[in-house]
Amino acid sequence: MNLMEADTFYSDTYAVETMDTIYSNDYPIYFENSLNELVKFVEQGNYSRFFVLTDENTGKYCLPLLKEKFGSMADFDIIEINAGEESKDIDFCIGVWKMLIDFGADRQSLLINLGGGVISDLGGFVASTFKRGIDFVHVPTTLLSQVDASVGGKTGIDIDSIKNIIGTFTQPKAVFIEYSFIKTLPERQILSGLAEMLKHGLIRDASYWNLLKNSDLKKPAAELIYLSIGIKNKVVIEDPQERGLRKCLNFGHTIGHAVETYSLINDEDPLSHGEAIAIGMICEAYLSYKKTGLTESELAEITEVLSGLYPKYPLKESYNDALYDLMLKDKKNHKEKINCTLLATIGQCSIDHICAKDELFESLAYYSNL
Ligand code: GLY
């Protein structure tokens with residue numbers, strides 16, 4: 001089965017018979033025996049050296065399996081950074097560049113990014129700029145990075161908590177999805193990735209949304225992950241540089257990123273990406289109801305599903321100005337106007353909607369008053 005034909009099998013079952021390799025912009029995304037495929041990829045790749053970028057969590061839980069698969073080739077150099085969004089900055093970036101230099105990396109070296117979205121974003125950025133670019137692959141270990149960050153070639157780092165403000169579009173050479181990794185994740189991390197899967201249904205595929213909302217979402221089946229990646233992949237194949245269609249993936253992210261950054265700065269236990277995006281999706285579904293034809297019952301359905309899955313965040317009116325300032329810094333804006341992707345209906349989105357301050361505040365109030 002080719003994922004490009006995926007729409008045809010959503011209708012009555014998610015029993016995807018086989019999870020064949022998906023092809024993206026010139027690179028494969030492996031699902032079956034993916035770590036064996038990684039070993040094969042490295043063996044056949046004619047690389048002078050390869051390095052694994054990881055963090056302390058992944059180093060503990062996932063690296064041993066990788067080493068086991070590499071067998072006699074497992075004496076590769078490891079670059080380990082601290083886990084968490086705080087590591088996605090220029091200082092860590094410089095640290096990784098320096099380690100590559102110290103380890104003697106040359107232009108024929110390969111960087112294997114083993115970890116979540118921080119590792120794939122930072123590792124992709126480091127590799128895309130080191131000696132004007134070396135090859136890299138992603139082995140995503142969180143649900144969030146499997147269904148989102150590892151697919152589509154976005155790399156980047158944050159500055160002053162402004163997410164992904166510096167980065168490149170550079171495609172990995174391959175992506176290796178190992179489903180067993182997500183079985184090691186705490187529920188909160190599963191829910192974080194799930195928000196992006198739900199988004200994929202909302203923006204592109206009502207049947208996938210229906211499938212998800214009737215599934216055991218705290219333990220998403222491999223097939224659901226496969227389908228989610230297929231939806232995202234179709235978008236990024238068509239618009240790799242986010243000139244138009246790819247902006248649909250930003251649904252929930254204009255407000256969600258602002259809430260995420262606000263929480264990162266102010267909260268002791270900050271919101272996860274998915275928790276913040278779920279808030280963003282509720283607010284932007286409200287804006288869709290006001291501006292782009294989403295019906296009241298669809299808004300109610302989206303609100304019910306998302307607020308049933310994610311804990312309520314105590315958003316206060318007094319946060320509005322700070323949130324607005326953060327939204328103004330969003331790189332998706334044009335001429336200092338805040339730009340949102342909204343829904344026309346469940347399964348269909350509409351890009352480039354300028355939202356005024358009072359509309360944005362009204363949507364935040366909708367969430368607060370739930
Ligand atoms: N995470 C949104 C995108 O890849 O475009």
Side-chain angles (χ1 to χ4, degrees), residues 3 22-27 29 85 88 113 115-125 128 136-138 140-158 162-172 174-175 177 189 191-205 208 225 227-261 271-281 284 327 330-334 339-343 349-353:
L3 233 244
I22 293 177
Y23 286 91
S24 193
N25 301 296
D26 295 337
Y27 64 91
I29 305 170
E85 188 74 24
K88 222 175 97 179
N113 297 317
V118 169
I119 293 287
S120 53
D121 286 4
L122 177 94
F125 181 66
S128 71
F136 63 92
V137 297
H138 296 314
T141 57
T142 61
L143 182 59
L144 181 60
S145 59
Q146 292 191 348
V147 297
D148 188 22
S150 67
V151 178
K154 279 188 177 174
T155 81
I157 55 169
D158 308 337
I162 308 172
K163 284 175 66 72
N164 305 320
I165 193 77
I166 305 295
T168 63
F169 282 107
T170 313
Q171 306 298 336
V175 177
I177 306 286
Q189 281 213 39
L191 284 169
S192 187
L194 189 63
E196 295 291 348
M197 295 168 70
L198 290 160
K199 181 195 77 181
H200 290 157
L202 287 175
I203 58 171
R204 296 289 283 174
D205 194 321
Y208 182 64
I225 297 171
L227 293 173
S228 186
I229 293 174
I231 295 173
K232 173 160 185 187
N233 188 47
K234 274 193 194 178
V235 171
V236 299
I237 283 182
E238 213 173 299
D239 179 19
Q241 303 265 333
E242 201 169 307
R243 308 268 186 237
L245 176 68
R246 188 168 179 164
K247 293 183 193 173
C248 72
L249 297 170
N250 295 330
F251 173 64
H253 283 61
T254 302
I255 294 176
H257 268 164
V259 173
E260 184 179 10
T261 305
L271 288 169
S272 70
H273 177 71
E275 286 163 350
I277 295 312
I279 296 169
M281 288 196 285
E284 292 177 28
M327 287 180 225
D330 193 305
K331 63 188 171 318
K332 301 184 292 291
N333 295 335
H334 182 60
N339 192 334
C340 289
T341 292
L342 300 179
L343 300 176
C349 64
S350 172
I351 61 172
D352 287 335
H353 290 278

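Read the numbers this way: they start at 1 and go in the same order the structure lists the ligands and their atoms.
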Describe, in one word, how the ring planes of His253 and His257 are oriented to each other, choosing from parallel (under 30°), tilted (30 to 60°) and perpendicular (over 60°).
perpendicular
Structural part of Asn250 in contact with ligand 1, heavy atom criterion under 4.0 angstrom
neither
For ligand 1, does Lys232 get within less than 4.0 Å through its side chain, its backbone, both, or neither, judged by non-hydrogen atoms?
side chain
Using a plain distance cutoff, I'd like to know if Lys199 has any nitrogen or oxygen under 3.5 Å from a nitrogen or oxygen of ligand 1.
no
With a 6.0 Å cut-off (strictly less than), is the heavy-atom count around CG of Asp26, excluding the residue itself, greater than 12?
no
Answer with yes or no whether Glu196 contacts ligand 1, where contact means a heavy atom under 4.0 Å from a ligand atom.
no
Taking the side chain from Glu284 and the backbone from Met281, do they hold a donor-acceptor pair closer than 3.5 Å?
no
Quick one: look up the protein heavy atom nearest atom 1 (N) of ligand 1 and list residue, atom name and how far away it is.
Asp148 OD1, 3.0 Å
We want to know whether Asn113 and Ser120 form a side-chain donor-acceptor pair, criterion being a heavy-atom distance below 3.5 angstrom.
no
I'd like to know if Arg246 pairs up with Glu238 as an ion pair, taking the criterion as any Lys NZ or Arg NE/NH1/NH2 lying under 4.0 Å from an Asp or Glu carboxylate oxygen.
no
